[in-house]
Amino acid sequence: MTDTWLIVGLGNPGSEYSGNRHNVGQMVLDELAARMGGKFKAHKSRAQVVEGRLGIGGPRVVLAKPMTYMNVSGGPVAALTKFFDIAADHVIAVHDEIDIPFNTIKLKIGGGEGGHNGLRDISKALGTKDYLRVRVGVGRPPGRMDTADYVLRDFGTSEKRELPLLLDEAADAVELLISQGLLVAQQKHHPARP
């Protein structure tokens with residue numbers, strides 16, 4: 001196995017979904033690609049990828065945006081791990097999370113998928129839940145709004161003002177996770193409890 005990291009931004013393909021809360025993982029990857037000076041290119045794994053290094057002399061990474069719908073993200077992720085010879089413990093899934101407030105980042109390894117079909121499909125395809133997750137909070141739907149309807153809507157006006165900072169922080173969290181490990185990244189990015 002190589003020391004390369006696979007960073008997967010979850011979302012749905014197509015411009016009609018690009019601003020949706022469900023696509024925040026792909027938005028974070030756009031920020032990482034910009035930092036690396038890379039452009040996404042089609043890959044035979046049914047994903048768009050950028051290969052490069054994080055920072056000068058940093059670790060080799062593959063940024064990937066599956067070009068399948070969210071609930072079938074596992075196939076492209078598994079194909080990429082095989083193609084680039086990457087172990088599950090070097091896979092980072094960046095995704096939307098309704099169970100944490102908007103503008104909050106949390107990191108973890110393994111555990112449940114919390115009803116997130118994209119994560120469920122990745123776990124099934126990799127044969128393990130033991131990969132890293134950068135969970136980008138989008139908050140819960142208001143009132144009785146259906147969860148699917150909520151995540152498939154664009155961010156609200158006030159959220160859009162704060163979104164660049166959130167994407168920047170999530171990209172920082174990915175970089176810190178790779179360079180310093182999960183514990184250090186959690187200590188930096190998890191909000192302190194009163």
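Heavy-atom basis, side chains included; hydrogens, waters and symmetry copies ignored. In this chain, residues are counted from 1 in sequence order.
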Identify every side-chain donor-acceptor pair in residues 156-167 under 3.5 Å, counting partners at least two apart or on other chains, and give the distances.
unit_1: Glu159; atom_1: OE1; unit_2: Arg21; atom_2: NH2; d: 2.9
unit_1: Glu159; atom_1: OE1; unit_2: Gly156; atom_2: N; d: 2.7
unit_1: Glu162; atom_1: OE1; unit_2: Asn103; atom_2: ND2; d: 2.3

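- Going from atom CZ of Arg133 over to atom NE2 of His95 covers 6.5 Å, rounded to the nearest 0.5 Å.
- Residue pairs that meet the ring pair (Phe, Tyr, Trp, His ring centres under 6.0 Å) test with at least one member in residues 160-179, sequence neighbours left out, do not exist here.
- In terms of heavy-atom proximity, Pro76 sits nearest to Ala47 at CB-CB, 4.5 Å.
- Within the hydrophobic cluster formed by Ile, Leu, Val, Met, Phe, Trp and Tyr side chains joined at under 4.5 Å, directly or through other members, Leu176 is accompanied by Val184.
- Contacts classified as salt bridge (Lys or Arg N to Asp or Glu O under 4.0 Å) and involving residues 7-19 (residues at least two apart or in different chains) are not found.
- The side-chain heavy atoms of Ile7 and Ile178, taken from C-beta on, include a pair separated by under 4.5 Å.
- Looking only at side-chain heavy atoms (C-beta outward), Lys188 and Asp172 stay at 4.5 Å or farther from each other.
- With sequence neighbours excluded, the residues that form a side-chain contact (heavy atoms from CB on, under 4.5 Å) with Glu31 are Arg35, Asp168, Ala171.
- Partners of Ala33 by side-chain contact (heavy atoms from CB on, under 4.5 Å), not counting sequence neighbours, listed by chain and number: Phe40, Val50, Leu63.
- The side-chain hydrogen bond (donor to acceptor under 3.5 Å, both in side chains) pairs that include a residue from residues 136-147 are Asp99-Arg140, where partners are two or more places apart or lie in different chains.
- When all heavy atoms are compared, the tightest approach of Ile105 to Ala170 is CD1-CB, 3.5 Å.
- From His189, atom NE2 reaches atom OG1 of Thr104 across 12.5 Å, with rounding to the nearest 0.5 Å.
- When the side chains of ILVMFWY residues are joined at heavy-atom separations under 4.5 Å, either directly or via intervening members, Leu126 and Leu6 end up in a single hydrophobic cluster.
- One N or O on the side chain of Arg53 and one on the backbone of Gly58 form a donor-acceptor pair closer than 3.5 Å.
- In terms of heavy-atom proximity, Ser123 sits nearest to Tyr131 at OG-OH, 3.0 Å.
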Test side-chain contact (heavy atoms from CB on, under 4.5 Å) applied to Met145 and Arg153, step by step = CA-CA 11 Å; Met145 183 187 287; Arg153 287 193 180 176; 3.0 Å; yes
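- Counting only residues at least two apart or on different chains, no ring pair (Phe, Tyr, Trp, His ring centres under 6.0 Å) pair has a member in residues 156-177.
- With sequence neighbours excluded, the residues that form a side-chain contact (heavy atoms from CB on, under 4.5 Å) with Tyr17 are Asn12, Asn20, Asn23, Tyr69, Leu152.
- We find the CG-CD distance between Leu10 and Gln26 to be 7.5 Å, quoted to the nearest 0.5 Å.
- Between Lys108 and Gly112, the shortest heavy-atom contact is NZ-O, 3.3 Å.
- Rounding to the nearest 0.5 Å places CG of Asp30 at 8.5 Å from CE of Met27.
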Audit row: Phe84, His90, ring pair (Phe, Tyr, Trp, His ring centres under 6.0 Å) steps and yes/no = CA-CA 11 Å; Phe84 290 102; His90 273 56; over 10 Å; no
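- The salt bridge (Lys or Arg N to Asp or Glu O under 4.0 Å) check on Glu113 picks up Lys129, with sequence neighbours excluded.
- Within the structure, every pair that satisfies the ring pair (Phe, Tyr, Trp, His ring centres under 6.0 Å) test and touches residues 141-164, not counting sequence neighbours, is listed here: Phe102-Phe155.
- Atom-to-atom distance recorded for His190:NE2 and Lys106:NZ is 6.5 Å, nearest 0.5 angstrom.
- At a threshold of 4.5 Å between side-chain heavy atoms, the hydrophobic network of Ile, Leu, Val, Met, Phe, Trp and Tyr places Leu80 and Leu119 in one connected group.
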query = Would Leu177 and Ile92 count as a side-chain contact (heavy atoms from CB on, under 4.5 Å) if you check the C-alpha gap in whole Å, the side-chain angles of each, and the deciding distance to 0.1 Å?
reply = CA-CA 9 Å; Leu177 183 57; Ile92 301 171; 3.8 Å; yes
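- By the rule that hydrophobic residues join a cluster once side-chain heavy atoms approach within less than 4.5 Å of another member, Ile109 and Ile100 end up as members of separate clusters.
- At distances below 3.5 Å, at least one donor-acceptor pair connects side-chain atoms of Gln186 with backbone N or O atoms of Leu107.
- For Asp96, the side-chain contact (heavy atoms from CB on, under 4.5 Å) test picks out His22, Val24, Met70, His116, Val138, Val151, with sequence neighbours left out.
- Between Val94 and Val8 the shortest side-chain heavy-atom distance does not fall below 4.5 Å.
- Of all heavy-atom pairs spanning Asp89 and Trp5, the tightest one is O-CZ3, 3.7 Å.
- Taking all atoms of both residues into account, the shortest heavy-atom contact from Thr68 to Ser73 is OG1-CA, 3.8 Å.
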